[in-house]
Amino acid sequence: MSKPITEQPSKYDNLEKMEVLELLSAINAEDKTVPLAIEKALPQIRDFVTVVVEKMKLGGRLFYIGAGTSGRLGVLDASECPPTFGVSDNHIIGLIAGGDVALRKAVENAEDNTQQAWKDLEGFHITNNDVLLGIAASGSTPYVIGGIKDAKENGVLTGGISCNENSSLSHEAAFPIELIVGPEFVTGSTRMKAGTAQKLVLNMISTSVMIQLGKIKGNKMIDMQLSNKKLVERGTKMIVEELNIDTDLARQLLKKHKSVRKIIDLYKDRLNTNSLD
């Protein structure tokens with residue numbers, strides 16, 4: 001049986017003999033192939049996003065599970081949704097094999113436990129209203145495969161992101177997404193192209209879901225959390241552009257209402273901007 005694509009030898013060799021610019025150019029050339037691989041999977045991604053939106057409109061949540069790089073990317077994407085879209089941290093939840101300590105350090109054998117993912121998910125009271133997305137470059141990570149199988153047995157809708165064709169994850173998940181990026185620049189180092197592909201697709205999934213749920217207006221993050229000066233200024237600019245008012249008045253309104261969406265909803269249809277208060 002041939003090796004999975006993610007484990008096949010790099011197209012490059014004698015890397016230690018390459019000059020720095022030669023290394024960088026070769027890595028860059030490989031990275032350029034990632035968007036093309038994702039383009040081929042767009043119909044699969046669309047189908048998954050569609051079912052997630054349907055579930056979330058009914059009050060469901062989206063869970064990510066993964067190990068190593070895949071798990072870290074899932075946690076990263078989930079953690080960025082509350083500040084970006086103003087949702088609670090219970091809307092999209094990322095879990096990594098080995099727990100939060102594995103975000104910084106490798107946890108020995110964590111990814112080999114086929115039962116732990118479901119135990120982790122039960123801690124969040126996962127139900128068949130929710131959706132589970134398994135992330136595994138190889139498509140064979142035991143932690144992920146076990147979690148997907150258990151989820152199916154409990155009536156939870158499942159998806160999977162992998163970088164090998166016809167992987168175990170693709171066979172187990174109801175909505176498989178295959179990102180065939182080919183052998184890595186450093187043989188087997190799926191933190192590279194496979195990780196980049198996973199990161200891009202997770203961004204696509206969460207952003208598309210949030211747009212479909214009404215968390216973006218035009219092209220602006222009107223529900224974002226105003227957690228620092230930069231975001232307050234961004235929110236102020238949004239209000240200026242949407243209501244055609246001056247910056248000082250926009251700042252006053254934002255200080256009073258503390259929500260870009262609330263201000264726009266309250267005042268958008270008022271023609272006499274002098275009456276804004």
Side-chain angles (χ1 to χ4, degrees), residues 38 41 44-45 47-53 55-56 60-85 87-104 107 110-111 113-114 116-152 154 156-163 167-170 172-179 190-191 194-210 213:
I38 293 174
Q44 297 175 330
I45 301 169
D47 292 346
F48 183 70
V49 167
T50 300
V51 297
V52 172
V53 171
K55 286 284 189 177
M56 281 196 159
R61 300 166 292 175
L62 173 59
F63 286 87
Y64 298 146
I65 55 170
T69 297
S70 299
R72 294 183 187 100
L73 291 171
V75 172
L76 172 63
D77 190 73
S79 68
E80 290 180 339
C81 287
T84 304
F85 303 109
V87 296
S88 77
D89 57 10
N90 196 43
H91 270 63
I92 301 180
I93 300 167
L95 301 176
I96 182 172
D100 285 355
V101 66
L103 293 171
R104 292 183 178 275
V107 176
E111 72 172 54
N113 190 327
T114 60
Q116 188 59 48
W118 186 249
K119 292 178 182 177
D120 294 342
L121 291 162
E122 284 186 314
F124 289 86
H125 307 290
I126 189 170
T127 74
N128 57 14
N129 288 325
D130 301 317
V131 182
L132 174 63
L133 178 64
I135 313 166
S138 66
S140 61
T141 305
Y143 176 84
V144 175
I145 301 300
I148 294 293
K149 286 183 176 180
D150 288 336
K152 286 168 57 181
N154 286 273
V156 178
L157 198 63
T158 59
I161 295 178
S162 60
C163 297
S167 68
S168 296
L169 180 54
S170 289
E172 293 294 341
F175 291 87
I177 298 169
E178 294 184 336
L179 312 173
T190 52
R191 60 180 286 273
T196 299
Q198 291 172 334
K199 172 71 166 77
L200 290 173
V201 171
L202 289 171
N203 282 165
M204 294 167 77
I205 290 170
S206 58
T207 302
S208 297
V209 167
M210 291 295 134
L213 293 175

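For the atom pair Lys199 NZ and Ile161 CD1, the distance stands at 12.0 Å (nearest 0.5 Å).
One N or O on the side chain of Asp130 and one on the backbone of Thr127 form a donor-acceptor pair closer than 3.5 Å. Listed for the Lys152 side chain is a donor-acceptor partner under 3.5 Å among the backbone atoms of Glu172. Distance alone, capped at 3.5 Å, is enough to place a donor-acceptor pair between the Ser138 side chain and the Ser140 backbone. In this structure, the side chain of Gln44 engages the main chain of Glu178 through a donor-acceptor pair within 3.5 Å.
Counting only heavy atoms from C-beta outward, the side chains of Met210 and Met56 approach each other to under 4.5 Å. Within the 4.5 Å cutoff, the side chain of Thr69 has no heavy atoms near those of the Thr190 side chain. Side-chain contact between Ile92 and Val87: absent, with no pair of heavy atoms (C-beta onward) separated by less than 4.5 Å. Leu76 is not listed as a side-chain neighbour of Tyr64, based on a closest heavy-atom distance of 4.5 Å or more. Counting heavy atoms from C-beta outward, Leu202 and Ile135 have side chains that approach closer than 4.5 Å. The side-chain heavy atoms of Asn154 and Trp118, taken from C-beta on, include a pair separated by under 4.5 Å. Between Phe124 and Arg61 the shortest side-chain heavy-atom distance falls below 4.5 Å. Ile205 places a side-chain heavy atom less than 4.5 Å from the side chain of Leu133.
Of the listed residues (Leu132, Val75, Ile96), just one forms a side chain to side chain contact (heavy atoms under 4.5 Å, CB included) with Ile65, and that residue is Leu132.
Across all non-hydrogen atoms, the minimal contact from Ala102 to Ala97 is CB-O, 3.3 Å.
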